Amino acid sequence: INADHIDRNHLFYFFPVIYLLCGAVRLARFNLTATTQSKSHFFGMPIPMGAAAMVSMVLAFGWLEESGILIPASVLLRFAVFYTLFVSLMMISTVRCERPFGFFLSGARRHLFRSAVIASLFLLLFVYPSLAFFGICLFYGFYSLALQLSGAHKDGGSEVSAVQFE
C-alpha cells in the first residue's frame, strides 16, 4: 500500500489504534473471566488469532504485489481498514470462537463443510502459503461469526448466551 494514500487522510492512523485498544479490552476481559477449567471455546477471537489475521493480510498483500496482480492501492487500503475493524470487533465480541487447535483439527465428521474448506486451505499452503494463511485466518473469523448468527452454537442443548460480568 502506497503511504501517499495514508498521508492524505490521517484518519487511517486511527484504525491501528482501535485494533490495539480492542486487544487490550480483550486481554482484560479474558483475565476477568478466565477459569482454571479446560475450555473448548472463547468468547471473542483470541488475541493470537487476531494477530495472525493481521499478519496474514500483510503477507497476502505482499503475495499480490509479487505475483503482479494489480489492485489499486486505494482498494487495498479500504480492505485493510475494514479487515482491521472486523478483526478488532471480533476480539471484543461475544461471538463463540472455538480454540484454534480444536477448530482446525477436530470435529471433522460433525463439520464436513468446515473440514473440507480447511483441508483445501492446508493443501493450498504448499502452493501459495501467504494466500492460504490469509484464507485460514479469514475463514476462522467469518465461520465463527456465521455460526453465532445462525444460532448453530449449542451448549448442552441450550443457546450459548453472552458473557456476563458481575
Side-chain angles (χ1 to χ4, degrees), residues 1-31 33 41-105 111 113-150 152-153 162-163:
I1 297 175
N2 190 342
D4 293 338
H5 290 283
I6 297 171
D7 289 338
R8 282 187 229 142
N9 189 347
H10 294 291
L11 182 62
F12 289 116
Y13 291 109
F14 181 66
F15 297 102
V17 172
I18 289 175
Y19 176 81
L20 291 173
L21 291 174
C22 288
V25 168
R26 172 77 176 95
L27 283 174
R29 183 177 71 190
F30 179 78
N31 286 334
T33 60
H41 63 277
F42 296 102
F43 287 101
M45 182 182 283
I47 293 256
M49 196 66 192
M54 299 311 295
V55 169
S56 72
M57 178 186 64
V58 172
L59 292 174
F61 284 178
W63 178 85
L64 289 170
E65 187 176 326
E66 285 177 10
S67 299
I69 299 173
L70 299 176
I71 297 176
S74 60
V75 172
L76 292 176
L77 186 59
R78 284 184 180 97
F79 179 82
V81 165
F82 287 115
Y83 190 65
T84 301
L85 283 175
F86 171 72
V87 171
S88 300
L89 294 175
M90 280 295 290
M91 286 192 301
I92 61 170
S93 72
T94 56
V95 171
R96 180 179 169 173
C97 296
E98 285 188 50
R99 290 181 161 274
F101 184 78
F103 180 81
F104 295 115
L105 300 176
H111 304 284
F113 172 75
R114 179 178 83 183
S115 299
V117 171
I118 291 170
S120 300
L121 288 168
F122 275 112
L123 289 175
L124 190 63
L125 273 173
F126 295 104
V127 183
Y128 302 113
S130 298
L131 197 58
F133 183 44
F134 177 67
I136 289 168
C137 294
L138 193 66
F139 184 67
Y140 178 80
F142 278 106
Y143 189 82
S144 297
L145 182 60
L147 282 182
Q148 186 76 25
L149 292 175
S150 71
H153 279 306
V163 174

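As a basis for the values below, the full set of heavy atoms in this structure was taken, side chains included, without hydrogen atoms, waters or symmetry mates. Everything numeric in this text was worked out from a predicted model, so none of it was measured.
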* Asked: Counting only heavy atoms not in Ile69, do more than 12 fall under 6.0 Å of its CD1?
  -> yes

* Under 3.5 Å donor-acceptor, Arg29 side chain and Phe43 backbone -> yes

* Nearest heavy-atom neighbours spanning Ala132 and Leu124 -> CB-C, 3.7 Å

* Plane angle bin for Phe139 and Phe103 - parallel if under 30°, tilted between 30 and 60°, otherwise perpendicular -> tilted

* Going from CZ on Phe14 to OG1 on Thr84, what distance comes out if it is rounded to the nearest 0.5 angstrom? -> 12.5 Å

* Trace of the side-chain contact (heavy atoms from CB on, under 4.5 Å) decision for Leu145 with Phe86 -> CA-CA 10 Å; Leu145 182 60; Phe86 171 72; 3.9 Å; yes

* Asked: To the nearest 0.5 Å, what is the distance between NE2 (His41) and CG (Leu147)?
  -> 12.5 Å

* Can you say whether the rings of Phe134 and Phe79 are parallel (under 30°), tilted (30 to 60°) or perpendicular (over 60°)? -> perpendicular

* Distance-minimising heavy-atom pair for Ala53 and Val87 -> CB-CG2, 3.9 Å

* Structure fact -> To the nearest 0.5 Å, atom OG of Ser130 lies from atom CD of Glu66 at 7.0 Å

* Asked: Going by heavy atoms in the side chains, are Phe104 and Glu98 under 4.5 Å from each other?
  -> no

* Answer yes or no: is there a donor N or O on one side and an acceptor on the other, between the side chain of Arg26 and the main chain of Met45, under 3.5 Å? => yes

* Flag, side chain of Tyr128 to backbone of Ala60, donor-acceptor distance under 3.5 Å -> no

* Would you sort out whether Ile18 and Phe15 count as a side-chain contact (heavy atoms from CB on, under 4.5 Å), showing the intermediate values? => CA-CA 5 Å; Ile18 289 175; Phe15 297 102; 4.2 Å; yes

* When rounded to the nearest 0.5 angstrom, what distance separates CD1 in Ile71 from CG in Leu77? -> 13.0 Å

* Asked: At what distance, to the nearest 0.5 angstrom, does CG of Leu125 lie from CG of Leu131?
  -> 10.0 Å

* Asked: Is any side-chain heavy atom of Met90 closer than 4.5 Å to a side-chain heavy atom of Cys97?
  -> yes

* **Under 3.5 Å: donor-acceptor pair, side chain of Ser67, backbone of Leu64** => no

* From Met49 atom CE to Ser56 atom OG, the distance as rounded to the nearest 0.5 Å -> 7.5 Å

* Asked: Is there side-chain contact between Leu121 and Val117, with heavy atoms separated by less than 4.5 Å?
  -> yes

* Verify the neighbour count for atom CZ of Phe122: are there more than 12 heavy atoms of other residues, nucleotides or ligands below 6.0 Å? => yes

* Asked: Which is it for Tyr140 and Ile136 under the side-chain contact (heavy atoms from CB on, under 4.5 Å) test, yes or no, and what are the steps along the way?
  -> CA-CA 6 Å; Tyr140 178 80; Ile136 289 168; 5.7 Å; no

* Asked: Would Cys137 and Tyr83 satisfy side-chain contact (heavy atoms from CB on, under 4.5 Å), going step by step from the backbone distance to the final call?
  -> CA-CA 11 Å; Cys137 294; Tyr83 190 65; 4.1 Å; yes

